[in-house]
Amino acid sequence: MRVTTDLWVSVLLRRVFSDGGFAAVVKRGAGEAGAVFVLCRNRLGEVSLFGPAPQTSYDSARPDDRYFSQLYAGDDAEAIEARLEKEKRFDRDIWVVEIEAGQTPIGEMISVMTP
């Protein structure tokens with residue numbers, strides 16, 4: 001049985017806060033199975049957007065894990081907003097979580113797939 005999106009996001013938020021970072025749910029989607037997009041800002045103003053990895057990235061031995069791929073990296077906030085608006089038009093049930101990480105890099109908080 002897969003962990004609900006609501007519970008998964010709650011765990012992520014607690015992990016970020018316990019590590020000295022800040023996190024907020026910008027958009028709440030479907031509690032059971034909404035797709036999660038993670039917007040990560042660093043203290044220099046650079047932004048990275050992570051979204052669900054393609055289904056081909058999933059490991060059949062661990063089908064319940066959530067994997068992410070990096071969709072954007074840079075400092076253009078308008079490009080990210082446009083991408084998220086496009087995703088919202090496609091699927092109204094998405095979650096958007098914004099994070100300013102503390103001591104632990106984002107790659108250790110979420111499973112990021114590299115191309």
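Just so you know, these numbers come straight off a predicted model, no measurement behind them.
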Within the side chain of [X], is there an N or O that forms a donor-acceptor pair under 3.5 Å with the backbone of [Y]?
X: Lys27; Y: Leu84; value: no
X: Trp95; Y: Phe37; value: no
X: Thr5; Y: Gly34; value: yes
X: Asp75; Y: Glu46; value: no

Ile94 to Val96 - nearest heavy-atom pair and separation: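 What the structure gives for the nearest pair is CD1-CG2, 4.1 Å.
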Closest non-hydrogen atom pair between Gly31 and Thr4, with its separation: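 Looks like O-CB, 3.4 Å.
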Atom [atom1] of [X] and atom [atom2] of [Y]: how far apart are they, to the nearest 0.5 Å?
X: Met109; Y: Leu13; atom1: CE; atom2: CG; result: 10.5 Å
X: Gln70; Y: Cys40; atom1: CD; atom2: SG; result: 9.5 Å
X: Ile110; Y: Ile99; atom1: CD1; atom2: CD1; result: 6.5 Å
X: Lys88; Y: Asp93; atom1: NZ; atom2: CG; result: 13.0 Å
X: Ile106; Y: Leu39; atom1: CD1; atom2: CG; result: 10.0 Å
X: Lys86; Y: Glu81; atom1: NZ; atom2: CD; result: 15.0 Å

Heavy-atom check, side chain of Tyr67 versus side chain of Val112, under 4.5 Å: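 When only atoms from C-beta onward are counted, Val112 and Tyr67 do not touch, as no gap falls below 4.5 Å.
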Test side chain to side chain contact (heavy atoms under 4.5 Å, CB included) applied to Ser69 and Phe50, step by step: CA-CA 5 Å; Ser69 53; Phe50 299 90; over 6 Å; no
Chi angles and distances behind the side chain to side chain contact (heavy atoms under 4.5 Å, CB included) call for Arg14, Val11: CA-CA 5 Å; Arg14 287 184 183 193; Val11 170; 5.9 Å; no
ILVMFWY cluster, Val25 and Leu7 together (side-chain gap under 4.5 Å):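 Both belong to a single hydrophobic cluster.
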Cationic tip of Arg66 above Trp8 ring, under 6.0 Å, 45° of axis: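 Satisfied, under 6.0 Å and within 45°.
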Member of Val38, Ile80, Leu49 meeting the side chain to side chain contact (heavy atoms under 4.5 Å, CB included) criterion with Leu71: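 The side chain to side chain contact (heavy atoms under 4.5 Å, CB included) with Leu71 is passed solely by Leu49 among Val38, Ile80, Leu49.
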